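Along the sequence shown, the residues carry numbers beginning at 1. Note that the structure is a prediction, hence the values are computed from the model and not measured.
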Amino acid sequence: MSENKTVTMTKEPGLKRSLKERHINMIALGGAIGTGLFVAGGETVSQAGPGGALVAYGLIGIMVFFLMTGLGEMATYMPVAGSFGTYSSRFVDKAFGFALGWNYWFNWAITLAAELVAGALIMKYWFPDTPAIVWSALFFLVIFFLNYLSTRSFGESEFIFAGIKVITVLVFLFIGTLIILGVGGTSPGFANWTVGEAPFVGGWLSILSVFMVAGFSFQGTEMIGVAAGEAANPEESIPKAVHSIFWRLLIFYLGAFTVIGFLIPYTDPNLLNSSIENVSISPFTLVFDRFGFPAAAGLLNAVILTAVLSAGNSGLYVSTRMLYALAEEGQAPKSLMKLNKRGVPVNALLLTSVFGLFAFLTSLIGDGVAYNWLVNISGMAGFITWVGIAVSQYRFRRAMVAQGHDLNELPYKAAFFPFGPLFALTVCLIVIAGQNYSAFTGEQIDWYGASVAYIGIPAFLAVYLGYKWKHKTKLIPLTEVDLTRTERYDESAAQ
């Protein structure tokens, strides 16, 4: 084993470090609170019962904790915009990093398109006769200019968007608790936890199906790794954000499902039928309405609109930064590294925006089949990203030891290694494998359903194997892993 080494961080001009701790917190927190909670939350209770929903979200929450602490360990050591894409290239295999980076860029570029569609659907609640394309165009311009102006403008807008969502969840939990305690009426007691098959409905298969929904709900928390590349003080803000986000998300999600479980029986058909186009029967709307708030549907619709704009805003930001990082690593054209005077990678922003618009236009052509396939490829991409984070952290820590580094060099050290990344990797693979297990359980295999659900896997493998074949890359030996703490850094922006 070689002697202990002290690794210094080299600094080169680049992105401006203008995201403060409050921005970092809200970017990750806001990324994981959206329609998955406000609209689809009722469906999970309907499928698995209140107890089943709590178990599924609790287990996924633990997995996300290990993923985020592992990502936090790497992001504080090497805070770069490429985050897990860069880490995978340096700690695992350049082909793996290349595929993971482009996979993540595609994921959130498509998300921009999906949110433009969703935003137009939401506006029909107030303006049913206005063409959807008008609202989509307006939202696109708003999101684009928030990202174009500066990183700070993105951070401030996301702070506001996420803040609205957080306040809504807190009010929901407060009102729900009052109703459960019988304030202003009769307490429902535990009646809805014992009706029918409750609290666990459908056994482990139902919990597994909710696993998928829970995984999608928590996607976005990994944005903290990308944002670390522009954090003003990543060694302090990232560890704080990692821990606070985990506990807040767990309280928000488990608290919301507990309230829904107490107040609405899993047999209520409204739980299964709520959607963006019909927020009047969302569990959030039903609870607010029960408390005597007649304008609940309109309020929730406005909140969901902020959630959609937040997702599109964050999606454009992280996909742009990932594209910039790919160019920095030599895995995309160098022209995508061009920055404007405010430190925004304008060419990467323009290319991502154009691709997002192209994907959006496919939703308007014919019956939108091409768009649906793009969205399904994107859906799997998030879980593949999580696999990449777990593998990268495992290899990173082992490389530190293999090269004789003192683990005290780490600004932040994730606990429970190696159990953490191995547990997260195992759960991620289970979630990926179970995306549409029902396609294989019928009398005949539903090949179309299976293709739609799993298309993201061969798409990722094609990019990975194609790069590997062209550049003849191999798994990097632990003793040769690049642990140099290099970042592109703008001194003037860190003030």
Trp126 atom CH2, over 12 foreign heavy atoms within 6.0 Å:
yes
NZ (Lys334) with more than 12 external heavy atoms under 6.0 Å:
yes
What is the distance from atom [atom1] of [X] to atom [atom2] of [Y], rounded to the nearest 0.5 Å?
X: Ile33; Y: Lys165; atom1: CD1; atom2: NZ; result: 6.5 Å
X: Ile304; Y: Ile122; atom1: CD1; atom2: CD1; result: 6.0 Å
X: Lys20; Y: Met26; atom1: NZ; atom2: CE; result: 16.0 Å
X: Asn301; Y: Thr285; atom1: CG; atom2: OG1; result: 8.5 Å
X: His23; Y: Ser157; atom1: NE2; atom2: OG; result: 9.0 Å
X: Leu249; Y: Ile60; atom1: CG; atom2: CD1; result: 13.0 Å

Does any N or O in the side chain of [X] come within less than 3.5 Å of the main-chain N or O of [Y], such that one atom is a donor and the other an acceptor?
X: Ser153; Y: Leu146; value: yes
X: Ser136; Y: Leu116; value: yes
X: Lys338; Y: Pro345; value: no
X: Asn233; Y: Ser237; value: no
X: Tyr467; Y: Thr473; value: no
X: Ser88; Y: Gly85; value: no
X: Trp102; Y: Gln331; value: yes
X: Thr76; Y: Glu73; value: yes
X: Arg397; Y: Ala414; value: yes
X: Gln435; Y: Val431; value: yes

Evaluate Leu59 against Val427 for side chain to side chain contact (heavy atoms under 4.5 Å, CB included), listing each step before the verdict.
CA-CA 9 Å; Leu59 288 173; Val427 175; over 6 Å; no
Give the ring-plane orientation class for Phe416 versus Phe66, where under 30° counts as parallel, over 60° as perpendicular and anything between as tilted.
perpendicular
So, [X] versus [Y], ring centres under 6.0 angstrom or not?
X: Phe84; Y: Tyr104; value: yes
X: Tyr394; Y: Phe91; value: no
X: Phe396; Y: Tyr77; value: yes
X: His243; Y: Tyr412; value: yes
X: Phe218; Y: Tyr253; value: yes

Taking the side chain as everything from C-beta on, heavy atoms only, tell me whether [X] gets closer than 4.5 Å to [Y].
X: Leu112; Y: Ser319; result: no
X: Leu425; Y: Val391; result: yes
X: Phe96; Y: Tyr464; result: yes
X: Ile389; Y: Tyr87; result: no
X: Val92; Y: Ile476; result: no
X: Leu170; Y: Phe252; result: yes
X: Glu115; Y: Phe139; result: no
X: Leu305; Y: Met123; result: yes

Report the C-alpha distance between Trp108 and Thr320 in whole Å, list the side-chain angles of each, state the deciding distance to 0.1 Å, and finish with yes or no for side chain to side chain contact (heavy atoms under 4.5 Å, CB included).
CA-CA 9 Å; Trp108 285 102; Thr320 295; over 6 Å; no
From CA spacing to verdict: side chain to side chain donor-acceptor pair (under 3.5 Å), Ser89, Glu329:
CA-CA 9 Å; Ser89 286; Glu329 291 285 322; 4.9 Å; no
How close do [X] and [Y] get, heavy atom to heavy atom, and via which atoms?
X: Phe38; Y: Pro283; value: O-CD, 4.3 Å
X: Cys428; Y: Leu67; value: SG-CD1, 4.3 Å
X: Ala327; Y: Leu336; value: CB-CB, 3.9 Å
X: Ala241; Y: Ile24; value: CB-CG2, 3.8 Å
X: Thr130; Y: Lys124; value: O-NZ, 4.2 Å
X: Ser83; Y: Leu71; value: OG-CD1, 3.7 Å

Run through Phe154, Trp105, Tyr148, Tyr324 and flag the one making a ring pair (Phe, Tyr, Trp, His ring centres under 6.0 Å) with Tyr317.
Phe154
Would you sort out whether Ile432 and Ile457 count as a side chain to side chain contact (heavy atoms under 4.5 Å, CB included), showing the intermediate values?
CA-CA 9 Å; Ile432 288 174; Ile457 297 175; 3.7 Å; yes
Between Trp135 and Leu121, is the side chain to side chain contact (heavy atoms under 4.5 Å, CB included) condition met? List the steps.
CA-CA 9 Å; Trp135 297 115; Leu121 289 175; over 6 Å; no
For side chain to side chain donor-acceptor pair (under 3.5 Å), just list the numbers for Ser335 and Asn347, CA-CA rounded to whole Å, side-chain angles, deciding distance to a tenth of an Å, and then say yes or no.
CA-CA 7 Å; Ser335 60; Asn347 287 348; 4.8 Å; no
State whether Arg22 and Glu156 are salt-bridged, where the test is any N-O pair (Lys NZ or Arg NE/NH1/NH2 against Asp/Glu carboxylate O) under 4.0 Å.
yes
Examine the side chains of Tyr57 and Thr44 and answer whether a donor and an acceptor come within less than 3.5 Å of each other.
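No pair is found: no donor N or O on one side chain lies under 3.5 Å from an acceptor on the other.
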